[in-house]
Amino acid sequence: MDQTAAQRLVFAMLDADGDGIVSEDEYLARARNVALATGREEDDPLAVTARTLGRKAWASMDADGDGRMTFDEYAAWAGAEAFDTVCAPVLGALFDLADADQDGTLDFSQFTALRTALNNPAANAEAAFAALDADGVGRVGRGDYIAAIRAHVTGEGSPMGAALYSRPLEDIPA
């Protein structure tokens with residue numbers, strides 16, 4: 001899958017209401033949704049960190065500051081550098097919210113809670129988890145998780161990304 005196709009799939013996941021625009025509220029709801037899905041309170045330090053990093057990411061993505069991000073804005077922003085400097089910390093903070101025992105890994109239940117809170121279909125979680133749990137120990141590490149998402153969004157290809165974002169491209173507004 002090329003980078004533009006991968007970006008369209010990620011953008012569609014961020015566009016929770018499917019209107020072709022990611023609003024600031026939609027993007028910032030990600031931290032709240034993960035906190036709720038994992039039973040964490042709003043004032044939990046991990047939730048606060050995820051919200052803070054999410055606000056920083058949003059400020060970087062919303063190039064014109066209008067509180068709305070189009071696909072063109074996202075595509076112009078997204079890439080390896082943006083992922084490494086902005087997205088990876090946010091994804092790490094969201095991962096940490098789902099990591100109940102804070103051991104740096106997620107079991108299948110935690111992984112599913114995280115990804116469905118981030119607007120991926122629950123039906124895709126099993127294949128995505130299996131793609132990351134290559135050794136079959138039943139746990140997914142933080143570093144492997146972030147690396148797999150990076151590979152997907154930069155167009156390098158990721159079995160986890162392909163499984164999570166399996167919405168057909170023809171169903172995604174151009």
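When a residue number appears, it is its place in the shown sequence, counting from 1.
Contact detail for L106 and L114: the closest heavy-atom pair is CD1-CD2, 3.8 Å. In terms of heavy-atom proximity, A47 sits nearest to A35 at CB-CB, 4.3 Å. Across every non-hydrogen atom of A113 and A37, the tightest pair is O-CB, 4.0 Å. Between D101 and Q110, the closest heavy-atom pair is N-NE2, 4.5 Å. Of all the heavy atoms in G138 and D133, the pair that sits closest is N-OD2, 2.8 Å.
Q102 places a side-chain N or O within donor-acceptor distance of the main-chain N or O of D99, the cut-off being under 3.5 Å. Here the side chain of D107 pairs no donor or acceptor atom with the backbone of F111 at under 3.5 angstrom. A distance-only check finds a donor-acceptor pair linking the side chain of E26 to the backbone of D17 [under 3.5 Å]. Side-chain N or O atoms of T112 include none that pairs as donor or acceptor with a backbone N or O of S109 at under 3.5 Å. In this structure, the side chain of R51 engages the main chain of E42 through a donor-acceptor pair within 3.5 Å.
In this structure, CZ on R32 lies 8.0 Å from CG on D25, to the nearest 0.5 angstrom. The line from CG of N119 to CE of M13 is 7.5 Å long, rounded to the nearest 0.5 Å. Here CG of L132 is found 13.0 Å from CZ of R139. Values are rounded to the nearest 0.5 Å. L9 CG to Q7 CD: the interatomic distance, rounded to the nearest 0.5 Å, is 10.5 Å.
Y27 and I21 end up in different hydrophobic clusters when Ile, Leu, Val, Met, Phe, Trp and Tyr side chains are linked at under 4.5 Å. Using a 4.5 Å cut-off between side-chain heavy atoms of Ile, Leu, Val, Met, Phe, Trp and Tyr, with links allowed through other members, L36 and L46 fall into different hydrophobic clusters. Criterion: ILVMFWY side-chain heavy atoms under 4.5 Å apart, direct or through other members. Under it, V140 and F108 are part of a common hydrophobic cluster. Follow the hydrophobic side-chain contacts under 4.5 Å out from L28 and you reach L97 in the same cluster.
Looking at D44 and V48, their side chains never come closer than 4.5 Å, going by heavy atoms from C-beta outward. Using a 4.5 Å cut-off on side-chain heavy atoms (C-beta onward), M69 and W58 make contact. L118 is listed as a side-chain neighbour of V34, based on a closest heavy-atom distance under 4.5 Å.
Remark: D96 engages R142 in a salt bridge (charged side-chain N to carboxylate O under 4.0 Å, His left out) (not counting sequence neighbours). Applying the side chain to side chain contact (heavy atoms under 4.5 Å, CB included) rule to D72 yields the partners T70; only residues at least two apart in sequence or on another chain are considered.
Exactly one of L14, V22, D62, D15 qualifies for a side-chain contact (heavy atoms from CB on, under 4.5 Å) with Y74. That residue is L14.
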Give the table of side-chain donor-acceptor pairs shorter than 3.5 Å for residues 78-91, with sequence neighbours excluded, one pair per line with atom names and distance.
unit_1	atom_1	unit_2	atom_2	d
D84	OD1	R150	NE	2.6
D84	OD2	R150	NH2	3.1
T85	OG1	E81	O	2.8

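Taking the six-membered ring where the residue is Trp, F95 and Y145 present tilted rings, their angle falling between 30° and 60°.
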